[in-house]
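The structure appears right after this line, and notes come after that.
The analysis underlying the following values was restricted to heavy atoms, covering all of them including side chains, and did not include hydrogens, waters or symmetry mates.
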Amino acid sequence: MSQDGDSSEVAYDSESDELDQKFLDNVTVKTGLVPVFRVSVTEAVKDGSSLQFTIMSSRTEREGGLVVTRQFEDIEWLHHQLVTGNDTKGLIVPPLPTKPEFDPKSAESKSKKQLGPDSNILKPDDFDLECKAIQKYLSSMLSHCVLGRDVNLERFLSEKDAPTRTKISKGIVGKLSLAIDNARKGQHKDIDEYFGKQREWCTEYNKAAKETSQNFNKMVQAQWRLSAANRNFANALRTLSPSENESTNTVNRIFSRFAEGIESAQKGLEVQSRNDENLLGFELDLLARSMESVREMLFQRTCLLVNYEDATRALEKAKPLKRQAAEDAKMTAESEYTKCTETARKELRTFMHQRVLAMQDGLSLFAEAQMKTSQDTYTLLIRTLKTIQIEM
C-alpha cells in the first residue's frame, strides 16, 4: 500500500493492479480464455445503510470503459444467478467475498480487535481490502471457462442500473439436508484412485489453509497492537514539561528525540501491517475460501458417484416391468457422473496452476514490501540516533 509523504515517511506500493494483470495473463495462457471484460473496483463509499462499490470495466477488444455502482447484495445476487443458471457440476466456482461490515459498531469492534480493547483510536474505513476482494472475484468469474461467458455477468458490468434481485433462500431445511448428505456421502469410498487422493488432500489442505490464514491474521493483529502501544509510548514521552534545570531540559530534549524514533518504528509497523493484510493476508484468505470451493466440488462429484452406484444396484434388482425405467435412470446417472469427473480433472489442474502462480507472486510482493519497509524504518531510526548523539 502506498502512502504519500516526503522522505520521512515509510511507504510501499503493493502493486495490486500488476498482480491482477499477472493473474489474468496466467489464466489466459492456461485456459486459452480471453476475458470479455477487464475490471477494476476503484472505491467503496457509504450511502446510508448500504456500501456502494464503484466498478470500472472495459471490453478487451474496444477502447473506453464503463462505470457502474453496485452494492454487495447485487454481487451476492450475481453469484446466485451464475451458480443456478449454469451447470456447475465439476466446476470450482470462485468463492464469493466475505460480506463487508461497515456500520459504526462493527468498525469500533474491528479496531479494538486489532489495536487492543483499551485503544481509543479507530482505524479509518478505507475498504481497500473489500474492493480488492470484489475485483479479484469478478476477474476470476470473467476468466472462468464456463461462468465467464454468462450473459448475467455482462449485464452486471454494462447496465447502469443494478439487476432486480429477490431474496435468496437460506432456510434451515436446506442446511439440514446438506448436513445429512455430508454425513451419508462425505466418507463414501471413491472408485477412482486419483479422486480418492484428491479428496484426502483437500481435507488436509483445507484445514491447513484455514489455520495458516487465521494464524497470520493473529500475527498482523499483534503488530497493530504493538504499533498502537508505540504511539502511546511516544505521546507519553512528549508530555514531559520543560523546567528551570538545564540538565533536566537536556534530558527532556533527548526524550523528545527518542519519541521521534518510537514514532518512526510505529509508522513502520503500521505500514508493514497494512502491507501484510493487502498482500500475503489477502492471498491466504483467498486460498482458504477457494479450498472450500474445491471441497464443495469434490463433494458434489461424490454425490453423483453415490447416485450412479445406487442406480446400478436398482437396475440389478429391477423387475421386468420397471427394468427400462431403471436402465434409463442408470444411464442418466452414469452420464452425469462421467461428465462431472472429466470436468473436475480439468478444473483441478487449472486451479492448482493458478493458485501456485498467485501464491508465488503474492509471496514475492510480500517479501519486497517487508524489505522496503524495514529499510525505510532503519533509515529513520539511524537519523534519530544521530540526533540523540548530538544532543548528548
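Between N278 and D128, the side chains place no donor N or O within less than 3.5 Å of an acceptor N or O (distance only, hydrogens not considered). A donor-acceptor contact under 3.5 angstrom links the side chains of E277 and W224, judged on distance only. Looking at N206 and E292, their side chains do bring a donor and an acceptor atom within 3.5 Å of each other. With 3.5 Å as the limit, one finds a donor-acceptor pair spanning the side chains of D276 and Q370. A donor atom on one side chain and an acceptor atom on the other are not found under 3.5 Å apart for N217 and Q221.
The backbone N or O of L380 sits less than 3.5 Å from a side-chain atom of T384, completing a donor-acceptor pair. Between the side chain of T54 and the backbone N or O of T69 there is no donor-acceptor pair closer than 3.5 Å. Side-chain atoms of S290 come within 3.5 Å of backbone atoms of L286 as a donor-acceptor pair (strictly under, hydrogens ignored).
To the nearest 0.5 Å, atoms NZ (K136) and CG (L129) are separated by 12.5 Å. The OH atom of Y378 lies 9.0 Å from the CG atom of L385; values are rounded to the nearest 0.5 Å. With rounding to the nearest 0.5 Å, the separation of OG1 in T302 from CE in M297 is 9.5 Å. The distance from the CG atom of L365 to the CD atom of Q360 is 11.0 Å, given to the nearest 0.5 Å.
In this structure, E73 pairs ionically with K99, as a charged nitrogen and a carboxylate oxygen lie closer than 4.0 Å. A salt bridge links R355 with E283; the closest basic N to acidic carboxylate O contact falls under 4.0 Å. Ion pairing between a basic and an acidic side chain is recognised when a charged N comes within 4.0 Å of a carboxylate O; R231 and E270 show such pairing. A salt bridge does not link R301 to E347: none of the charged side-chain nitrogens sits closer than 4.0 Å to a carboxylate oxygen. The pair R345-D192 counts as a salt bridge, with a side-chain nitrogen and a carboxylate oxygen less than 4.0 angstrom apart. Comment: D376 engages K372 in a salt bridge, judged by a side-chain N to carboxylate O separation of less than 4.0 angstrom. By the 4.0 Å N-to-carboxylate-O rule, K339 lies too far from E336 to be salt-bridged with it. The existence of a salt bridge linking E154 and R59 is confirmed by a sub-4.0 Å separation between a basic side-chain nitrogen and an acidic carboxylate oxygen. A salt bridge links K197 and E193; the closest N-O separation between the charged side-chain nitrogens and carboxylate oxygens is under 4.0 Å. The pair K330-E327 fails the salt-bridge criterion, with no side-chain N (NZ, NE, NH1 or NH2) lying under 4.0 Å from an Asp/Glu carboxylate O.
By the rule that hydrophobic residues join a cluster once side-chain heavy atoms approach within less than 4.5 Å of another member, M352 and V294 end up as members of one cluster. There is a path of hydrophobic side-chain contacts, each under 4.5 Å, that joins I388 to F233. Under the 4.5 Å side-chain heavy-atom criterion for ILVMFWY residues, no single connected hydrophobic cluster contains both V146 and L304. No continuous path of ILVMFWY side-chain contacts below 4.5 Å connects I75 to V45, so the two sit in separate hydrophobic clusters. Note on L78: it does not cluster hydrophobically with M56, by side-chain heavy-atom contacts below 4.5 Å among ILVMFWY residues.
Side-chain contact between D74 and R165 is present, with at least one heavy-atom pair separated by less than 4.5 Å. Within the 4.5 Å cutoff, no side-chain heavy atoms of V41 are placed close to those of K132. A heavy-atom distance below 4.5 Å is not found between the side chains of R199 and F299. Counting heavy atoms from C-beta on, the side chains of F216 and L280 come closer than 4.5 Å. The side-chain heavy atoms of Q300 and T88, taken from C-beta on, include a pair separated by under 4.5 Å. When side chains are defined from C-beta on, H79 counts as touching V93, because their heavy atoms get closer than 4.5 Å. Side chains of F366 and N275 form no contact here, defined as non-hydrogen atoms less than 4.5 Å apart. Contact annotation: the side chain of P94 approaches that of L147 to within less than 4.5 Å [non-hydrogen atoms, C-beta and beyond].
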query: Which is it for F53 and C131 under the side chain to side chain contact (heavy atoms under 4.5 Å, CB included) test, yes or no, and what are the steps along the way?
result: CA-CA 7 Å; F53 292 92; C131 289; 4.1 Å; yes
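With F156 as the aromatic partner, R70 meets the cation-pi criteria of under 6.0 angstrom to the ring centre and within 45 degrees of the ring axis.
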